[in-house]
Asks: 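My questions will all concern the structure given below.
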Amino acid sequence: MKREFYDRPVLEVARDLVGCVVRHGDTAGRIVETEAYHQSEPACHAYNGLTPTRKVLFGSPGLAYVYRSYGIHAMLNAVTEPDGVGAAALIRALEPLDGLDLMRERRGLERPQDLCSGPGKLTQAMGIGLDLDGSSLDGSSLDGPIEILPREGPEPEIVVGERIGITLAVDLPWRFCDPSSRCVSRPWPPEMRKPG
DNA sequence: TAAACGATGCCCT
DNA sequence: GGGCATCGTTTAC
């Protein structure tokens with residue numbers, strides 16, 4: 001999608017990314033879960049200012065911000081908001097569409113719901129590494145290695161909840177997911193579960 | 001130079 | 001649903 005899609009408030013972009021399709025190489029998947037991060041809140045990497053590894057986060061909307069988590073995993077984010085503002089939407093889970101056998105090979109697992117049901121899982125399944133940090137998602141370059149395509153059909157059902165795996169600003173309801181998918185990293189936010 | 005800390009995943013109940 | 005392995009980056013001496 002074009003730069004204008006990403007040049008908006010990160011909450012809008014994160015929500016609108018649910019249902020869109022990520023394509024890289026021979027693999028593709030439909031986004032079923034995202035989270036928003038913004039420099040105004042302490043869970044965001046941009047909160048404490050700029051460092052070399054976080055530089056892209058402050059860059060142009062439509063760039064891929066890829067960083068290493070827990071020393072091991074690569075996390076894929078879409079940089080949002082105007083140039084200079086540190087904000088990004090984390091892609092947390094995909095429903096595999098294309099290249100499932102390649103994903104199985106990379107992940108060492110068979111079941112479709114185990115291939116991309118987490119932010120570290122999906123980058124491993126699609127072969128997305130730190131070398132793609134700063135690459136373009138807006139389709140402006142033909143050699144752009146990662147492409148995000150608009151969703152087809154009606155807007156998916158979207159539930160909102162608190163973000164996962166953080167210790168700061170835990171109360172912000174900045175997680176968006178499609179509860180009808182079995183590929184979300186957790187079925188749906190606990191507060192959305194029906195009692196009994 | 002050393003130590004603490006994760007925007008996690010996996011395996012086990 | 002809970003505990004722990006894992007290791008690059010950051011931050012503090």
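Computed from a predicted structure; not experimentally measured.
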Asks: Could you tell me whether A/Arg30 and A/Asp178 have a side-chain N and a carboxylate O separated by less than 4.0 Å?
Replies: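 Here A/Arg30 pairs with A/Asp178 in a salt bridge, since their nearest N and O are under 4.0 Å apart.
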Asks: Expressed in angstrom and rounded to an integer, what is the separation of A/Arg163 atom CZ from B/dA7 atom P?
Replies: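 To the nearest whole Å, that distance equals 10 Å.
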Asks: Between A/His73 and B/dA7, is there a contact of a side-chain N or O with OP1 or OP2 at under 4.0 Å?
Replies: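 A/His73 to B/dA7 OP1/OP2: no side-chain N or O under 4.0 Å.
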Asks: If you draw a 6.0 Å radius around CG in A/Asp98, do more than 12 non-hydrogen atoms from other residues or ligands fall strictly inside?
Replies: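 Atom CG in A/Asp98 is packed in, count exceeds 12.
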Asks: Determine, for A/Arg23 against A/Glu147, whether the closest basic-nitrogen to carboxylate-oxygen distance falls under 4.0 angstrom.
Replies: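 No.
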Asks: Cation-pi check, A/Arg163 to A/Tyr37: give yes when NZ or CZ is under 6.0 Å from the six-membered ring centre and within 45° of the ring axis, no otherwise.
Replies: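 Because its charged atom sits under 6.0 Å from the ring centre and within 45° of the axis, A/Arg163 does stack over A/Tyr37.
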Asks: Could you verify whether a donor N or O on one side chain and an acceptor N or O on the other, from A/Glu157 and A/Ser180, lie under 3.5 Å apart?
Replies: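 No donor-acceptor contact under 3.5 Å links the two side chains.
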Asks: Among pairs that include at least one residue of residues 52-103 of chain A, which meet ring-ring contact (aromatic ring centres under 6.0 Å, His included), considering only residues two or more places apart or in two chains?
Replies: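 Listed by first then second residue: A/His45-A/Tyr67, A/Tyr65-A/Tyr67.
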Asks: Heavy-atom nearest nucleotide on DNA chain B for A/Asp114 versus A/Cys44: which residue maps closer to 5'?
Replies: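 Per heavy-atom nearest nucleotide, the more 5' residue is A/Cys44.
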Asks: So does A/Ile91 get a backbone contact from the side chain of A/Thr34, meaning a donor-acceptor N/O pair under 3.5 Å?
Replies: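 Not at all, since once roles are kept as given, no pair shorter than 3.5 Å links the two residues.
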Asks: If you take atom types as modelled and just measure distance, does the side chain of A/Tyr70 reach the base of C/dA5 with a donor-acceptor pair under 3.5 Å?
Replies: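 Under the 3.5 Å cut-off, the side chain and the base do not form any donor-acceptor pair.
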Asks: Would A/Tyr37 pass as stacked on B/dA7, i.e. its ring centre under 5.5 Å from the base's six-membered ring centre and planes under 30° apart?
Replies: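 Yes; by the centre-distance and plane-angle rule, A/Tyr37 counts as stacking on B/dA7.
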Asks: Measure from NZ on A/Lys121 to P on B/dC11 and round the result to the nearest Å.
Replies: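 Distance check: A/Lys121 NZ to B/dC11 P gives 10 Å.
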Asks: Please state whether the phosphate of B/dG9, meaning OP1 or OP2, lies under 4.0 angstrom from any side-chain nitrogen or oxygen of A/Arg107.
Replies: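 Checking B/dG9 against A/Arg107, no side-chain N or O comes under 4.0 Å of OP1 or OP2.
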Asks: Rounded to whole Å, please give me the gap between CD in A/Gln39 and P in B/dA7.
Replies: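 To the nearest whole Å, that distance equals 17 Å.
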Asks: Quick one: which protein N/O atoms are closer than 3.5 Å to N/O atoms of nucleotides 9-13 of chain C? Pair and distance per line, please.
Replies:
unit_1 : atom_1 : unit_2  : atom_2 : d
C/dT10 : OP1    : A/Thr51 : OG1    : 2.9
C/dT10 : OP1    : A/Thr53 : OG1    : 2.7

Asks: Between A/Glu162 and A/Arg175, is there a salt bridge with N-O shorter than 4.0 Å?
Replies: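 Answer for the salt bridge query: no.
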Asks: Starting at atom CG of A/Leu90, determine the distance to atom P of B/dG6, rounded to an integer number of angstrom.
Replies: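 That distance rounds to 16 Å.
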Asks: Wobble G-U and Watson-Crick pairs count when both distances are under 3.5 Å; given that, what is the 5' to 3' dot-bracket string of DNA chain C, with | for pairing to other strands?
Replies: |||||.||||||.
Asks: So which nucleotide from B/dG6, B/dT8, B/dC10 ends up closest to the side chain of A/Pro119?
Replies: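 From the listed options, B/dT8 comes nearest.
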Asks: Could you tell me how far apart A/Ile164 (CD1) and B/dG6 (C1') are, to the nearest whole angstrom?
Replies: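 Taking atom C1' of B/dG6 as the reference, CD1 of A/Ile164 is at 15 Å.
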Asks: CZ of A/Arg8: more than 12 outside heavy atoms within 6.0 angstrom?
Replies: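 Atom CZ in A/Arg8 is packed in, count exceeds 12.
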Asks: Quickly work out the A/Ile166 CD1 to B/dT8 C1' distance and round it to whole Å.
Replies: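 Value for this atom pair: 14 Å.
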Asks: Measure CE/A/Met75 against C1'/C/dT6 and give the value in whole Å, please.
Replies: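 Going from CE in A/Met75 over to C1' in C/dT6 covers 13 Å.
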Asks: Roughly how many Å is it from CD in A/Gln113 to P in B/dG9, rounded to a whole number?
Replies: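 Going from CD in A/Gln113 over to P in B/dG9 covers 15 Å.
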Asks: How is A/Arg92 classified with respect to the nucleic acid when contacts are heavy atoms under 4.0 Å: base, sugar-phosphate, or nothing?
Replies: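 Answer is sugar-phosphate: A/Arg92 comes under 4.0 Å of backbone atoms only.
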Asks: Should we say atom CD of A/Glu12 is surrounded by more than 12 heavy atoms from elsewhere, each under 6.0 Å from it?
Replies: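 It does: A/Glu12 CD has more than 12 such atoms within range.
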